[in-house]
Amino acid sequence: MAPTIVVEKDGLLPSSMPYTSSPRGGMSSLRATVYIAITLVCASTALWSLCPQHYWGEPVVATNLCAQASAVNPVKHAELWSSLDGIYATETFASRAIEWLGGAIRVPTESFDNMAPVGEDPRWEAFGPFHDYLLKAFPQVHATLALTKVNTYGLVFEWKGSDESLKPLLLMGHQDVVPVNPDTVSEWTHPPFSGHFDGKLLWGRGSSDDKNGLVGILSTVETLIESGFKPTRGIVLSFGFDEEASGPQGAAHLAEYLQEKYGKNAFALLVDEGGDYMIEHGKVFATPGIAEKGYIDVRIDVESPGGHSSVPPSHTTIGLLSALLVHIESNPYTPKLNRGTPMYMKSQCLAAHAPKLPSDLRKALLAAEKSDTALRAAEKILFEDRMFKALVGTTQAIDLISGGVKTNALPESAWAIVNHRIATDSSLTETKEHDIHTLKTLAAKFNLSYSAFGEDITDSSSHAYGKLTLSDAFHAGLQPAPITPLDAAAYQLVSGTIKATYDAHRGGDEVIVSPGIMSGNTDTRYYWDLTPHIFRYNHHYTGNDSLFKDIHTVNEYIEVDAYIEMIKFFTLLILNADESTDL
Ligand SMILES: *[C@@H]1O[C@H](CO)[C@@H](O)[C@H](O)[C@H]1NC(C)=O
Ligand SMILES: *[C@@H]1O[C@H](CO)[C@@H](O)[C@H](O)[C@H]1NC(C)=O
Ligand SMILES: [Zn+2]
């Protein structure tokens, strides 16, 4: 696929040259002279279009970054697709889609943090009525696909393909929703579990996360069966029920079931919830998540002698812990935008395709592929956006603290927990080492023996005043996810399907597909061994609507037209994957 780099011409003008002085961007002095000569000639004539673009671009343009796949449309299934596209455009289908999704929203399926396992915690029983609803709403799916319930409420639907040598397609979604805070119910324009349709928008908890994904997949399969489609490539649907609580009861068991039955690397590709598509800097971008940050909660325990509060030491245990925490916040991780990372690639896509990107940023980004100076300059501008900066680097947030029992007793112990989201190009080990190092000087200053993650950091035999211990709180943490390969048929197919869906629904070739990451983890964290081709993506157009900023809060909704476009995406994905011979 030929690279398509569309930039404003000023992005290529000589003013973008200061970066070429860095070691990586250096040119021989002869080449530089030739370059400058041609630059001057071209810049001083009206014959811009005749000037050799490679002379302009060579030192600064990222030539093969953000190449775009062409739209992929069904060939073997062209007639079926055309008939389905017609069906999706009807009022009858819109009413069905609204009823399907609205009905699902009306069955509350909240999942809470720290729920006891299925069988012990009665709150899981909310998922029984949801299964009843799905059975009633999607009779063809239940009659045609084999359904297995894993750990009672996990759902796996399997649709055998006629050619068992082809790796199946795996589609995921989650049944649970974020709990509705009872104090905020009155703030909802329409009650959170109403599934109210106002003529344009469908309202309620789960309408955007992720009953739209789950019901969208089931609506697609129901309609495909009604239209007589029989898959050549197998299709597996896997729906967890505690994604919003990290997935230990749902996705963890589902992934284990799938791996036992199908084996490692058994699926052609996997699509789960994830990035939406929207307008960024004047251009429509679809951003499938190709990676996820890692995660660890580091617990800090401090112990020091107790006693009566009337004769206190200069620092109590709580004071010591506080000093350590202040030190942690004063020494944050230094985020670094590195070449080859998903966020770097996302930036390059913006530089290549977004018309309203500030021109100083574009210039820096286009030069960044070869110049470290330019990369740092781009980074500086990009990091002014807190969200972007947080996605790039390892973050730290002190989220829990505890210590002390009585006003007249010196606390003997105190603890806090620091939540980290680990950069895609870092690791659990690097994060632990950073934290160990950060507290070393203070531990010595306060005369605390120091151990971390089961190892002594200071000599444990020496006599100390107190004790500092770092450990994994709750669980051992999660490495950053493996990065989905971009030079693969699966990425081409997903990109091309996004483009074809956009074209079918909105017309034209206006959407740019860019790799990216999401701020949180999805159920896919358990699925890494099933396929390297993992895409966290909802073909959900959210425009630039500010109402949509936080789906986990009040007034969650989805535009029905955008929801029907999601169904078209799932349809095209299934049909394209079915006839692909490259996957
Ligand atoms: C550290 O504390 C222990 C126990 O209170 C004490 O014996 C020792 O002298 C202290 N060391 C320093 C360097 O203050
Ligand atoms: C984006 O939002 C702004 C402010 O609400 C609005 O003026 C603009 O028309 C919107 N752009 C698009 C393309 O929807
Ligand atoms: Zn979700």
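If you read the sequence from its start, that first residue is 1, and numbering goes on from there. Read the numbers this way: they start at 1 and go in the same order the structure lists the ligands and their atoms.
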ring-ring contact (aromatic ring centres under 6.0 Å, His included), paired with Tyr537, selected from Phe285, Phe569, Tyr277: Phe569

Short N-O contact, Arg123 and Glu110, less than 4.0 angstrom: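 Here Arg123 does not pair with Glu110 in a salt bridge, since their nearest N and O are not under 4.0 Å apart.
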
N-O pairing of Arg536 and Glu273 below 4.0 Å: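 Salt bridge flag = no for Glu273 with Arg536.
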
Which atom of Asp209 approaches the Zn ion (ligand 3) most closely (N/O/S): OD1

Of all N/O/S atoms in Glu273, the name of the one nearest the Zn ion (ligand 3):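 Of the nitrogen, oxygen and sulfur atoms in Glu273, the Zn ion (ligand 3) lies nearest to OE1.
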
Closest protein heavy atom to atom 11 (N) of ligand 1, given as residue, atom name and distance to 0.1 Å: Asn447 ND2, 2.9 Å

Heteroatom proximity flag, His463 to ligand 1, N/O under 3.5 Å: no

Any protein heavy atom < 4.0 Å from atom 9 (O) of ligand 1: no

Per-atom contacts, ligand 1 versus Ala464 - under 4.0 Å to a heavy atom: 2 (O), 3 (C), 4 (C)

Phe157 ring center within less than 6.0 Å of His142 ring center: yes

Sub-6.0 Å ring centroid separation between Phe241 and His174: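 Aromatic pair excluded; centres sit 6.0 Å or further apart.
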
